[in-house]
Amino acid sequence: MAQNVSRALYEDSHGNYWVSVNGGVGLLDPEDGTIEFMLHERHPELKNFKLILSLCPTGKDCFAALGDNGLFYYDAGKDEVRIPDTRKDKYYKSGIKYFGLLTDARGLQWFATEDGIRIWDKKTERLYLLTMSEGLPNNTVSSILEDCDGVVWASTLNGICKIIPREEGKGGYRFSVVAFGVPDGLQSGMFYDHAALKAKNGMLYFGGAHGFNYFNPGHMVCEEAANRPILTGLSIFNTPVRVGEEYEGHVVLSAPMTRTDKIELRYDENFISIAFSGLNYANPSHTYYKYRLKNYEEGWTETRAASLGRAVYTGLRPGTYEFEVYAANGDKVWSKEPARLSIVVHPPFWETYYAMAVYVLVAIGMVYWLSRMYVRREKEKMMEERRENARKQQEHLEEMKLRFFTNVSHEFRTPLTLILTPLGTLIKQQGDVDLKQRLTVIYRNAEKLLQLVNQLLDFRKLEMRGERLSVSMGDMVVFVRDAVEAFRGLVKEKGITLTFESKVEHFYMNYDHDKVYKVVNNLLSNAVKFTPSGGCIGVGVESSVRNGREYVAVSVRDTGCGMEEGDKERIFTRFYQVEDGHKTQPGSGIGLHLVKGYVDLHGGEITVDSRPGEGSTFTVLLPADLQHDEKATVPHGEDKETVEASVLSAGEEDEEPSGGKKKLLVVEDNADFRAYLVHELSADFDVVEAGDGVEGEEMVREEWPDLVISDLMMPRCDGIAFCQRMKNDIHTSHIPFILLTAKMSDDARIESYKAGADSYISKPFNFELLQVRVRKLIEQREARKETFRKNIEITPSEITTTSLDEEFVKKALAFVEKNMGNAEYSLEDLSKDLGLSKTHLNRKLTVILNMKPLQFIRSVRLKRAAQLLAGSQYNVAEIADKVGFNTIKYFNRYFKEEFGMTPTQYREANKRENKSPKA
């Protein structure tokens, strides 16, 4: 490799020459002048260090390579490289240029950079930073040397500075910086980096753009003392204050500032500036000042001025202050005594002690008056509370009486229903006239008893007001991938890299979709919470076999803070939280406990591997052989649509059998009446039962009935609340609901219909009425399904009974319409868009429209095709493509199944209808 430019050279103890050339540091062969190899060829981590500005020895066969984007250390004897880490090496700052390195006689390491001088004290592990704020001529420091007296000299882009370290208490240092420029005899322009030399005789040489400067620090004469500064002027609101002259009606200065020890100002004269001089006649341009105002600021303000210095203070509050200022000569030798000035800012009259005394007296008077008012109000309040308590007791007594009558009346109506309902059935079935008349007498008297009960109810016109698995077939790879995608936006905002990797393309198995989603969601939430910006989170899915049993392994790994060994055994305990400061947000301590519980329900296992500072990996193992009532397998080689349909069918354990009885759920707390209803309805329907609303809700989600018959007043959960929960849940809102109640008031009826009930029947009732109402509700639902099949134009309000179902159908139609031309739009896409699992989506569409989701998507596409055939000039192939069919063969087949004719025949038939004369 030929190199023409070299910036630095270092010779180790073995006679090897290491040079800085284009591309980094290499080993030079002095015989032929070629580079044997570059360091980054052996150490790839150095490939970013392309421009090395200097090579500074740091020990035997060791040097530091300083470049334009940092530095690194190389041990030529051991062939080892070390790049400082900003987290461990506090002295190091990446991304800036380093021009020089010096270790002085005190052991301090001085780094010359483009961002000032960085000084590292290994003993105390303390970093000092010197910039223009501390007196450097420029922040870009080209070279740095130490003279024989331990004073450090540094060249910059526009000058040289002298830095004197002085020890302070507790092992610290204070650095005095004196800058020199062109007026002091230096050349103009910049000084070159690494162009500095200390000769044996103590001479220091610094090279620059216009030659070089050299001097012997030992021969430079320093001033040993500085004069005490004097105060030369005072301004208020930028207006100079003259001696003996009035300012705003009063004299501020009665003598010159040099002989004034104290000034007094009004509260609104709080914007002042004080001028002072250091009396440095030898070199006025190198005069330094440090000043402070006691009771206003704590630290000292240090500045450099060519002649006069000035301190400005604004917004001084009333009080007493003392101004102090020290001066220093060009060698930073400070005066022993400061110049002082006492400043008194008088408060306004409303803040004087007299005003305060008036305020106190007024406050005492107000407190006394308020206390008297408070005592009076408390007495009135106590009397009002007594009257209110007496009134409430009376109301409570009346309420207890009315509740007693209501409850007793309700208890009467239920047994009366058990008498009247079967009695009415017996009367209709009875052929013996004599017996029928006797039964009629009984029925008539029972009705009279009911009238008496109703009279009691009329007395009060207004009403005083376990976890189990639900597994279904699904593709675990797609399921986890979708869960991961939901976190993309969050991790992007936090600057975290999120990856997903699966060693298998598909993994179909039975699992509880809701609980597994909560497991993955909790683990990802924890990973995001504990991973800092710039970190990584990886999610993986793979198959695993343990003891002859197949599992799916879902892992979530992060590069967060990790945890101690003792925490790993307790994190799954409820309410336990790892104490860590990286967590930006506090948690409740139950998330991982829930994860463990859901995994245990599946018969699986969860493990964690974590180390402090390296991150954590959670691995969940779920058995792939969980059984289901209806097992579905995926035959090899089937097309995508067939596979999705077979997988979905595995989750349809709640679908009604084709051509079988409709399933009813009877919810009634009275066991006799419930048994009677179950017996009478079982002749025409498949009937299941529950004792109250809580059990009823469990049975709905377990049996998925076609219709619910529920009593209104029940323990634990009444019929109104039960109906509201069912109608407000998208999974159950389609199920018709009949409420039975002994209450006959209009309010009870209104409340029932507000809850979403489809029908309201008062006890006692004619059983035939109930049968007819049940059949009609089911027939109406079937009619709505047929409406969807027959109509080309789809109107959601005509095929649904609740606003929730109507909104659901609208959304489903909108998503299919949006993806009309997308042939790849699948069941999984529709399920994800609607926010429902494939099982629930299948059940919902089957109940509302009597078709599977894939059939629904296809039906909407075909209806749109029919509209295009009848009202556009597109050919059949173009229409097939517009509605998402890849092949004309499948389009023709499905269109004929839907409409009983081919697309061409359909277009011709619609043309004939349009041409025929209208009546």
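Computed from a predicted model, the values in this text were never measured in an experiment.
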Item to complete: Could you tell me whether a side-chain N or O of S335 sits under 3.5 Å from a main-chain N or O of P338, the two making a donor and an acceptor?
Response: no
Practice prompt. Please answer whether the main-chain N or O of Y91 pairs with a side-chain N or O of R118 as donor and acceptor at a distance below 3.5 Å.
Written response: yes
Discussion item. Whether the side chain of D12 engages the backbone of G15 through a donor-acceptor N/O pair (distance < 3.5 Å, no angle test) should be reported.
Written reply: yes
Worksheet item: Short question: side chain of R82, backbone of D75 - any donor-acceptor pair under 3.5 Å?
Response: no
Worksheet item: Parallel, tilted or perpendicular: which describes the rings of F212 and Y205, with under 30° parallel and over 60° perpendicular?
Response: tilted
Discussion item. Taking K97 first and then E114, would you say they form a salt bridge - that is, a charged N and a carboxylate O separated by under 4.0 Å?
Written reply: no
Item to complete: Determine, using ring centers only, whether Y326 and W300 are less than 6.0 Å apart.
Response: yes
Discussion item. Just to verify, what does R340 make a salt bridge (Lys or Arg N to Asp or Glu O under 4.0 Å) with, not counting sequence neighbours?
Written reply: E322, E324, E337
Worksheet item: For the side chain of E146 and the backbone of L102, is there at least one donor-acceptor N/O pair under 3.5 Å apart?
Response: no
Worksheet item: Are Y313 and Y321 close enough that their ring centres sit under 6.0 Å apart?
Response: no
Discussion item. Under a 3.5 Å distance rule, please check whether D104 uses its side chain to pair with a backbone N or O of V152 as donor and acceptor.
Written reply: no
Item to complete: Mind telling me whether Y98 and F111 have parallel, tilted or perpendicular rings, with 30° and 60° as the class edges?
Response: perpendicular
